[in-house]
2 protein chains.
Amino acid sequence: MTTLVSGIVLAEIAASIGDVSRANILSALMDGRALTASELAWHANVSAQTASGHLAKLVETSLLAVEKQGRHRYYRLASPEVAHAIEALMAVASAGPKRYRPVGPKDTALRNARTCYDHLAGRLGIAVTDALTSRNYVVLSDSAGAVTEAGHRFLCDMGIDLAEPGHKRALCRTCLDWSERRPHLAGRLGAALCTHMFERGWIERIKDTRALKVTALGKNELKEFFGIEEQIDAGLR
Amino acid sequence: MTTLVSGIVLAEIAASIGDVSRANILSALMDGRALTASELAWHANVSAQTASGHLAKLVETSLLAVEKQGRHRYYRLASPEVAHAIEALMAVASAGPKRYRPVGPKDTALRNARTCYDHLAGRLGIAVTDALTSRNYVVLSDSAGAVTEAGHRFLCDMGIDLAEPGHKRALCRTCLDWSERRPHLAGRLGAALCTHMFERGWIERIKDTRALKVTALGKNELKEFFGIEEQIDAGLR
DNA sequence: CCAACACTTCGGTCGCCGCCGAAACGTTCT
DNA sequence: AGAACGTTTCGGCGGCGACCGAAGTGTTGG
């Protein structure tokens, strides 16, 4: 009797994610990039036709957005909210009793360092978050935060400019890290830090996954700027 | 080939939510209370046997926890993370093109004021959040926040004590409000405010739902303490 | 001790959905 | 124009799972 609309649409969205092929597709898109239908079919281990069906459903439930480009179709997450919801689900998943022990090397790499939509996650993401909070550059009241004045100066010195015209997006958000089970930096700040590290060559993608590798330069710079010493090394590939 | 473990478990959790009956069960538990199997069967509009199967699955995927009590079995959300994930999904759902126009009176009531796990949400939740932030009692850097010194004094004057022995839980978190599409106060602070309002009779549950009604006393007090004038009235029942 | 009750398990039906082969559509390249 | 390619549509198959009736387990209460 309490069959509210909300219940139906909640089920629809969740069911849309709740298929292994589609979950893999979404996971592959979690780094915020846009991939073609066939790339996604490969990621999901299914034929092109099957993937096409899944993609259509994901678009219909507004989890994905499409962009036509020549004979390709690029799919990407429809919004940061989608990425947020997926990470939240991952957090629940990893909280449960570890029923899937066989954590492969790929998972190890992901746990080490990865992108989460457009910012850093994993041990690296947490390390950066901790570095900024311990120096009072960012204040996080548990899962939330603000950038202090000192923080703005520090970021400015690093060459990161957070000023943005249409400040549509949040400056400093947090996102629950499913592997570390703690919040890491997201929002415009998180994205800016991540972009910065890519541009300066501190980090690189491992193959074409969300997993990241910290370069030799990156290790030096991370120590220099953030005092991060710990071995954040993929140790894979 | 990128069939990571994470994809499988993500799908498993999402699929667990992705059934209308189970989604309704979870929705009914979103206020943080524990309900019996038959109550939940009623909420989901299915027979007791069917509900039992659903509940077993939800427990297996660690979305729900059970507590035996005599011949009853009380089910509740397994953790705040679960509530968080569901709210995140709701946010995605309400972001998509409004395909389900027929928003009934119950939805209206929910949008007005409701509990979200153990804190306030809907227009009321947002109003309280805004009141606290506009007076600098709480600093929210977009979706995150900390309680200021003035804020602590204010809350203390109100009779809310945030000191807690085992400070296991976060003091001030935020949670994305799916109806208002903005973050509202959660964490220990959010819970304390909600409890306080219940205890003093400012708010009451509408029937046995998550929806809330602001009492006449509540309206006065909300104006007194938070300067909230706007009509936050369920207008139902 | 038996009836009432809350809940779960079992058995069987039915519908939905994920899958692929084949074919159609649209774009690009030569 | 024709071939190659990326993508979608169609059709049919197979299996999972949601559902309920009936029966079983365990608890409460007279």
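Here the structure is a predicted model, which is why all the values come from computation and not from measurement. Below, chains carry the letters A, B, ... as their sequence lines are ordered, and counting in each starts from 1.
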* Structure fact -> By salt bridge (Lys or Arg N to Asp or Glu O under 4.0 Å), A:R76 pairs with (sequence neighbours left out) A:E67

* Residues forming a side-chain hydrogen bond (donor to acceptor under 3.5 Å, both in side chains) with B:S16, sequence neighbours excluded -> B:T61

* **Contacts of type side-chain hydrogen bond (donor to acceptor under 3.5 Å, both in side chains), residue A:S79, not counting sequence neighbours** => A:E81

* To do: Check side-chain hydrogen bond (donor to acceptor under 3.5 Å, both in side chains) between B:T115 and all other residues, then give those that pass, not counting sequence neighbours.
  => B:R205

* Asked: Who pairs with B:I160 by side chain to side chain contact (heavy atoms under 4.5 Å, CB included), at least two apart in sequence or on another chain?
  -> B:L155, B:M158, B:L162, B:A192, B:L193, B:H196

* Where along nucleotides 6-11 of chain D does protein come under 4.0 Å, by heavy atom, of base (B) or sugar-phosphate alone (S), with - for untouched nucleotides? -> SSBB--

* Whole-Å gap separating C1' (D:dC16) and CG (A:D19) -> 12 Å

* To do: Tell me, please, which residues at least two apart from B:A121 pass side chain to side chain contact (heavy atoms under 4.5 Å, CB included).
  => B:R114, B:C116, B:D177, B:H184

* Check side chain to side chain contact (heavy atoms under 4.5 Å, CB included) between A:S21 and all other residues, then give those that pass, not counting sequence neighbours. => A:D19, A:A44, A:V46, A:H54

* Bend angle of the helix from C:dC1-D:dG30 to C:dT30-D:dA1 from five-pair axes at both ends, rounded to 10°? -> 30°

* **A:H119 and A:L189, any side-chain heavy atoms less than 4.5 Å apart** => no

* Asked: Between which nucleotides of DNA chain C, read 5' to 3', does contact with chain B run, using atoms under 4.0 Å from its heavy atoms?
  -> C:dA4 to C:dT9

* **Residue list, side-chain hydrogen bond (donor to acceptor under 3.5 Å, both in side chains) with A:S38, at least two apart or on another chain** => none

* To do: Would you please name every residue forming a side chain to side chain contact (heavy atoms under 4.5 Å, CB included) with A:Q49, sequence neighbours left out?
  => A:S47

* To do: Just call it for A:K68: base, sugar-phosphate, or nothing, with non-hydrogen atoms closer than 4.0 Å on any strand.
  => nothing

